[in-house]
Amino acid sequence: MSETSIIFYDFQNAERYWQKEWDKNHIFDVPDVPDPNIPKYYVLEMFPYPSGQLHMGHVRNYTLGDVVARYKRAQGFSVLHPMGWDAFGLPAENAARSRGISPAKWTMENIATMRAMLKRLGFSLNWDREFATCQPEYYGQQQKIFVNLIKEGLVERRESWVNWDPVDQTVLANEQVIDGKGWRSGAPIEKKQLSQWFLKITEFAQPLLNGLKQLDHWPERVKIMQERWIGRSEGARIRFALQNPPSDFDDALKSIEVFTTRPDTLFGMAFLAISPDHPVAVQLAKNHPDIANFIAECHQLGTSEEAIEKAEKRGIDTGIRIAHPFISDQTFPVWIANFVLMDYGTGAVFGCPCGDQRDLDFARKYNLAFKTVVLPKGAQEDQFAISDVANTEPGIAINSDFLNGLSTAEAKTAMIQRLEEMNIGKRVVNWRLRDWGISRQRYWGCPIPVIHCPECGIVPVPEDQLPVCLPEDVDFSMPGNPLENHPTWKHVSCPHCHGPAQRETDTCDTFVDSSWYFARFTAPTASSPVKDQAVNGWMPVDQYVGGIEHAILHLLYARFFTRAMHKMDYLKVDEPFAALFTQGMVMHESYKDANGEWIAPEEIERTSKGAIKKDTGEAITIGRIEKMSKSKKNTIAPSTIIERFGADTARWFVLSDNPPERDMEWTEAGVTATSRFLQRLYRTIHNVSQQVPITSVKNEPLSTAASDLRRITHRTIAAVTDALENFAMNVAIARLHELTSALNDAEKSSDQEGMNFARREAALNLSMLCGPFIPYMAETLMNLLEPNTQMVVQRPWPIADKSLMAATKVIIAIQIRGKLRATIETTPNMDENSVIELARKEPAIIKFLEGKTIIKTIYVPNKIVNFVVNG
RNA sequence: GCGAGCUUGGCGGAAUGGUAGACGCACAGGACUUAAAAUCCUGAGUCCAUAACGGACGUGCGGGUUCAAGUCCCGCAGCUCGCACCA
């Protein structure tokens, strides 16, 4: 048996050992207030919801962040890299209802399981900073911020439509309503008006939009998604008086205001359309059963995208007519139309069929006459007519009285000016962004720190009475909000008048919890939400890593909260995340049996004839590669991988296969290949440590083999560093493979001069470069090479020596008319004429140049000679 | 409908405008072994051709710029994702 066959990396012992060493030395701890003499770097991954199970998506996310954190540490930065738990939310309550476990206990047990997994994966986290958002120490501070938001005028309580589940007696989020039914109860969902708490994010609409421009290190598509979500549009509001208002209309209902981005098309108006939820429609429904029916039908229509897509334009004529500000001899009908949205603009539009496809469809359907008021560029007025396609492009105004002949842009300005003079309209900026409703009628969330007093109204809980803690003796057997049902919790005395009063029983949307946790991490035990020097010392987060699914909500809310906190002097930055990286999903093949049931990967076996089920031998269909999910049973538990192959294997594989922003496929072959490589790396370094004792190393003249190895070593240092700067972990890993092979091959020429030095150098640098990726093995390798000295995590990142990277010979491509015809080998930086001379003497080139004239010769030093010929 | 991204061998992918296919997977052949596993070595874009040398084609498709294009520009197609009756 050869010596090498028994050398085997024992990952279990290594992981336990190095974990302890790092902990003991507090390697990853940093102070609340960063040392001003050391550059700071704040790395953060989106903190997890403690479901109890770590999945491969987490492994990929946190490994990416950890590589950055370890790399920056080695480069001399003081790195803040914390971890916590987004611990409020409905699953804990569901567990309580179905299994009788208290949400707190369930959550804390899940956290313990997941924390243990994260520790095994070797992430360089500052665990002292850990917190869970469900702890009063955290949400109590959040309540302080909330009270200040009230003082700042950024909180509002108002009526709003919600999805109400009449069985569970709770409000549901849109995504919890499936086909119009509650996701848990299956009961038809009702639209209900409830008093809700809102955070006035719309007050920051413009700054949030402007701020996107500074975010140079955010993915373009995330910025575009946010921009569209905020949705700024410029236009005008125009008020139309009703000609014949019904007698039961009060003054507010006697006119209808519309929002338009095309005031220039006002002369093309054919009708006015209001939303089924518009106050005028609601009032009319009271006395008109047909209108009430129509509105009810509109509400029944599904809200799914597909339903909207297919829904045809429908409406009902209200019989009400309005006057046109500039067309005195004509009035226009007011229709209720199913395509007008109540929550955008004013809930009413004027219909201009020639310039809007929806309006055109509507006019055709109900035979409403209209005029064409915009002539496209280059069209003849007497020949141009609208058929079935509206013209939404700018052009020249026609049939439009005082606007005639003006361009669309000029006409808009002229019209708005006229409307403003007449005091019936004005220029406005309209936003798609709406205020953030944060009320949830649930138990497991941060209580909104407010008291309702019959005498004093709404009274914020005074700071010295915070936190408002969740009661622990809660009954989940009744439907509805357990806080509402609790016998004593909500009954308190008013902080003002000391009379009997009631606590607010709504809790916060969990997105609130995650909107400032990154600031709290800088001083997690501070007695105020943040500590001045800590938060301003560490913020902003230099690199944020997470999933694209949070491109809008979480990231927008966090940006808003940071601005609000800045306004309230909690901190001094506007943008919380200087750089954002969004990683792809982890996918896996899916499998189905003959009955179409999903089959888990561990139940199948692949044979030459295809896949079969292990226990029964029945044939299995191999399906598409899909995102790992429980429902498709195609998940691989990180715990089983870590137990079989070790944490380093899992880490290396999730990084090695493809660029991190793309979706990756988890494969058994990939894992075993990774595991094989790591064993080879271990053997390679082990052999160096055995064959090249430290004492034998002298810096002696280098043989070709030795200087070749040194060149590869230094080129690898440069390439890996460069790849890490560009988040190209897969490329870095390819280069580490190359260095490993080169070092392995070098064993053959170990007797050459200078080889001891070159091999040691390669091995040491290889160990260092591997540190961010496979931290346990890197320490093990370093300890083989230089036992009981500094750990990898204590050593600086290697710096490439450029003078050693230069080649001793270069291969130059010889092209004829840009086509490769031969290559020649020269010394580097040989002078142009000599290279060209050599090139022309090359047999293959002579052949190609025969009978032709060289018109031009291109020379790119050390790379290319290109002969441009004719004939 | 609007927007973004992607398209390179059997597969994942690499490539500051300068030798396309690095690195890895899968595959094939060989060494070691009683055998297997593990390990090591070798091969491989496609097509044509050969004893050998060699040649043509080739980065979704069609154009363009350039001495030179996977890379830059214009147009098109397909796939993926996001938003979606936003007036």
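Reminder, nothing fancy here: chain letters follow the sequence lines and each chain counts from 1. Given the structure is predicted, the values throughout are model-derived calculations rather than measurements. Reckoned from all heavy atoms, side chains included, excluding hydrogens, waters and symmetry mates.
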Distance below 4.0 Å between [X] side-chain N/O and [N] OP1 or OP2:
X      : N      : answer
A/R821 : B/rG55 : no
A/N730 : B/rG13 : no
A/R662 : B/rG12 : no
A/R676 : B/rC25 : yes
A/N866 : B/rG18 : no
A/K819 : B/rC57 : yes

I'd like to know if the side chain of [X] and the backbone of [Y] have a donor-acceptor N/O pair within less than 3.5 Å.
X      : Y      : answer
A/D657 : A/W666 : no
A/S750 : A/E747 : yes
A/Q357 : A/A390 : yes

Quiz item: Hey, is B/rG45 sitting syn or anti, using the within-90° cutoff around 0?
Solution: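 The base of B/rG45 is oriented anti (glycosidic angle more than 90° from 0).
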Selected nucleotide, minimal atom distance to [X] side chain, candidates [options]:
X      : options                : value
A/E738 : B/rG55, B/rC23, B/rA87 : B/rC23
A/F259 : B/rG13, B/rC25, B/rA87 : B/rA87
A/Y344 : B/rA87, B/rU19, B/rA4  : B/rA87
A/R683 : B/rC40, B/rA87, B/rG24 : B/rC40
A/I864 : B/rA26, B/rA22, B/rG18 : B/rG18
A/A813 : B/rC23, B/rC67, B/rU19 : B/rU19
A/I858 : B/rC67, B/rA87, B/rG54 : B/rC67

Quiz item: With a 4.0 Å cut-off, would you call A/D708 and A/R711 a salt bridge?
Solution: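 Yes, charged N to carboxylate O under 4.0 Å.
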Quiz item: When you check the gap from the basic side-chain N to the acidic O, do A/E297 and A/R314 get nearer than 4.0 Å?
Solution: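 Answer for the salt bridge query: yes.
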Between the side-chain atoms of [X] and the base atoms of [N], is any donor-acceptor pair under 3.5 Å?
X      : N      : value
A/K863 : B/rU16 : yes
A/R228 : B/rC2  : yes
A/R817 : B/rA68 : no
A/R358 : B/rA87 : yes

Taking [atom1] from [X] and [atom2] from [N], how many angstroms apart are they, rounded to a whole number?
X      : N      : atom1 : atom2 : answer
A/N862 : B/rG18 : CG    : P     : 15 Å
A/K223 : B/rG82 : NZ    : C1'   : 17 Å
A/I224 : B/rA4  : CD1   : P     : 6 Å
A/H550 : B/rC81 : NE2   : P     : 18 Å
A/Q679 : B/rC40 : CD    : P     : 11 Å
A/L678 : B/rU39 : CG    : P     : 12 Å
A/Q815 : B/rU66 : CD    : P     : 17 Å
A/F653 : B/rG24 : CZ    : P     : 15 Å

Quiz item: Do you know which of A/Q815, A/R817, A/R821, A/R840 makes side chain to side chain contact (heavy atoms under 4.5 Å, CB included) with A/F867?
Solution: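 Of all the options given, the one that passes is A/R840.
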Between [M] and [N], how far apart are the [atom1] atoms? Round to whole Å, please.
N      : M      : atom1 : answer
B/rA56 : B/rA20 : P     : 13 Å
B/rG45 : B/rC32 : C1'   : 32 Å
B/rC40 : B/rC23 : P     : 15 Å
B/rG70 : B/rG18 : P     : 10 Å
B/rC67 : B/rG17 : C1'   : 12 Å
B/rC57 : B/rG5  : C1'   : 30 Å
B/rA77 : B/rG62 : P     : 15 Å
B/rG58 : B/rG64 : P     : 15 Å

Exercise. Could you check A/A734 against A/L820 and say which one's nearest nucleotide on RNA chain B is further toward the 5' end?
Key: A/L820
Quiz item: Where each residue is assigned the nucleotide of RNA chain B containing its nearest heavy atom, which of A/F677 and A/T672 is assigned the position nearer the 5′ end?
Solution: A/T672
Touch check for [X], heavy atoms < 4.0 angstrom, all strands: base, sugar-phosphate only, or nothing?
X      : answer
A/R221 : sugar-phosphate
A/R680 : sugar-phosphate
A/I814 : nothing
A/T823 : base
A/V868 : sugar-phosphate
A/V258 : nothing

Partner nucleotide of [N] by Watson-Crick or wobble geometry (both distances under 3.5 Å):
N      : result
B/rA4  : B/rU80
B/rG75 : B/rC61
B/rA56 : B/rU46
B/rU33 : none

Side chains of [X] and [Y]: is there a donor and an acceptor less than 3.5 Å apart?
X      : Y      : result
A/S255 : A/R239 : yes
A/D435 : A/T202 : yes
A/S741 : A/R680 : yes

